[in-house]
Protein chains: 2
Amino acid sequence: MIAHAQPELTKNQALVFGSLSDAGGPLTAYAILDLLRENGFRAPLQVYRALDKLVEYGMVHRLESLNAFVACSHKGCAEHGTAAFAICENCGDVSEFTPDEVIKLLKEWTQAEGFTLARTTIELRGTCRDCISQPN
Amino acid sequence: MIAHAQPELTKNQALVFGSLSDAGGPLTAYAILDLLRENGFRAPLQVYRALDKLVEYGMVHRLESLNAFVACSHKGCAEHGTAAFAICENCGDVSEFTPDEVIKLLKEWTQAEGFTLARTTIELRGTCRDCISQPN
DNA sequence: GGAAGTGGCGTTATATTATTACATACTTTC
DNA sequence: GAAAGTATGTAATAATATAACGCCACTTCC
């Protein structure tokens, strides 16, 4: 478990985090940029810089297999372990969960290998329950 | 466990697979393109099309967190389960392994959720044993 | 044999994602 | 208030990936 300080956000960081929270799902950096143009955003770097910090603070996760970003689903982004994501390829819905037992096993593997673990990516692609039961 | 047929490769597929095998580590699509220019490759699509097939055949894995590709490390790419990767951020070395117990736990989660799993990405970022013991 | 389908290939152009480089401003610290 | 650190704005560009088109080789089915 890693405790994340809950720092004061700068204006840009707050705007980016707000759009991700409001979206309720993953957004690409350029989608965020378009949403924030009316707030004065002009360039990708404004988004990427804010995202870097938000990811560092643990408030936003990067979805590697989508090249997109999503607000952490934990209330207040309180301290929690490594997250995993189930991504529905039909509706785009993303479920975040915390597979502690899986993380434990992976840590055991890294320790046996002498590998110093910095960051873990676990992403499941497939079809969510709703999309299976309600085929379009 | 999924059995992958070991199909005849086309000329382009064989060239792309050859560069990945020779490299012994991950390459980006554009790095492959540059390696294969002397073999007549001119455009990214030639690489991406071959990679798509090789990934489909299970002979090449895509590393989502690197936007790169790596030849499967299993001998002859025989049938095997979902792979995981430990990526050294210092030397770039990638270790492929097959964490069956982890996959089993993740499958249990998906079944409990009614999520139909199509593809699993597990990537560990950190520092390998050699780079820890021989700091530059 | 020929029509129709399939898959691979080559090429150009373009879309999407991310970073480099440089200048400016604000804030904290001493 | 000078120095150091952090955030910002902007333009330009790099890196990654796909769309659209036409061509050719092969099959298969009548």
Side-chain angles (χ1 to χ4, degrees), chain A residues 5-20 23 25-57 59-70 87 89 92 94 119 121 123 125, chain B residues 5-20 23 25-57 59-70 87 89 92 94 119 121 123 125:
Chain A
Q6 205 73 5
E8 289 300 310
L9 298 184
T10 67
K11 176 163 158 281
N12 285 3
Q13 289 161 14
L15 285 166
V16 168
F17 185 68
S19 16
L20 280 172
L27 293 175
T28 67
Y30 280 77
I32 295 170
L33 174 59
D34 286 340
L35 288 173
L36 292 180
R37 284 194 192 280
E38 58 191 34
N39 295 278
F41 273 47
R42 314 289 306 277
L45 210 51
Q46 298 174 288
V47 177
Y48 281 110
R49 286 200 275 228
L51 286 170
D52 282 349
K53 285 296 179 185
L54 292 167
V55 168
E56 181 187 325
Y57 300 155
M59 300 172 64
V60 164
H61 301 292
R62 179 188 173 88
L63 299 174
E64 301 284 359
S65 68
L66 291 180
N67 292 328
F69 301 84
V70 67
I87 301 165
E89 292 179 321
V94 173
R119 192 155 61 81
T121 298
E123 297 179 18
R125 308 291 295 261
Chain B
Q6 206 72 2
E8 289 300 309
L9 298 184
T10 67
K11 177 163 157 282
N12 285 3
Q13 289 161 15
L15 285 166
V16 168
F17 185 68
S19 13
L20 280 172
L27 293 175
T28 66
Y30 279 77
I32 296 170
L33 174 57
D34 286 340
L35 287 173
L36 293 180
R37 282 193 193 283
E38 59 192 32
N39 295 280
F41 273 49
R42 314 289 306 278
L45 214 49
Q46 296 175 288
V47 178
Y48 281 109
R49 286 200 275 227
L51 286 171
D52 282 349
K53 285 296 179 185
L54 292 167
V55 168
E56 181 187 325
Y57 299 155
M59 300 172 65
V60 165
H61 301 292
R62 180 188 173 90
L63 299 174
E64 300 284 359
S65 67
L66 290 180
N67 291 329
F69 301 83
V70 68
I87 302 165
E89 293 180 321
V94 173
R119 192 155 59 82
T121 297
E123 297 178 19
R125 308 292 295 259

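Naming convention: chains lettered A, B, ... in sequence-line order (proteins, then strands); numbering from 1 in each chain.
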Original post:
For D:dT16, does OP1 or OP2 lie under 4.0 Å from any side-chain N or O of B:Arg62?
Top reply: no

Suppose we screen for side chain to side chain contact (heavy atoms under 4.5 Å, CB included). Which residues come up paired with [X], at least two apart in sequence or across chains?
X: A:Arg49; result: A:Leu45
X: B:Ala68; result: B:Pro26, B:Thr28, B:Leu66
X: B:Asp52; result: none

Is there a side-chain contact between [X] and [Y] (heavy atoms, below 4.5 Å)?
X: B:Val16; Y: B:Phe41; value: yes
X: A:Asn12; Y: A:Leu36; value: no
X: A:Tyr57; Y: A:Leu9; value: yes
X: A:Glu89; Y: B:Arg119; value: yes

Subject >> Spatial distance of atom NE2 (A:His61) from atom OG1 (A:Thr121) [nearest 0.5 Å] >> reply: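 That separation rounds to 11.0 Å.
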
Original post:
Atom OG1 in A:Thr10, atom NZ in A:Lys53: separation rounded to 0.5 Å?
Top reply: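 A:Thr10 atom OG1 to A:Lys53 atom NZ measures 9.5 Å (nearest 0.5 Å).
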
**OP:** Using five base pairs at each end, measure the axis-to-axis angle across the helix from C:dG1-D:dC30 to C:dC30-D:dG1 and round it to 10 degrees.
**Re:** 30°

Subject >> Protein-to-nucleotide contact annotation, 5' to 3' order, nucleotides 5-13 of chain D [B base; S sugar-phosphate only; - none; under 4.0 Å, heavy atom] >> reply: --SBBB---

Subject >> Outermost nucleotides of DNA chain C that come under 4.0 Å of a non-hydrogen atom of chain B >> reply: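 So the contact region on DNA chain C extends C:dG8 to C:dT12.
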
Original post:
Is it true that B:Glu123 and B:Arg125 make a salt bridge, defined as a side-chain N closer than 4.0 Å to a carboxylate O?
Top reply: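 Here B:Glu123 does not pair with B:Arg125 in a salt bridge, since their nearest N and O are not under 4.0 Å apart.
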
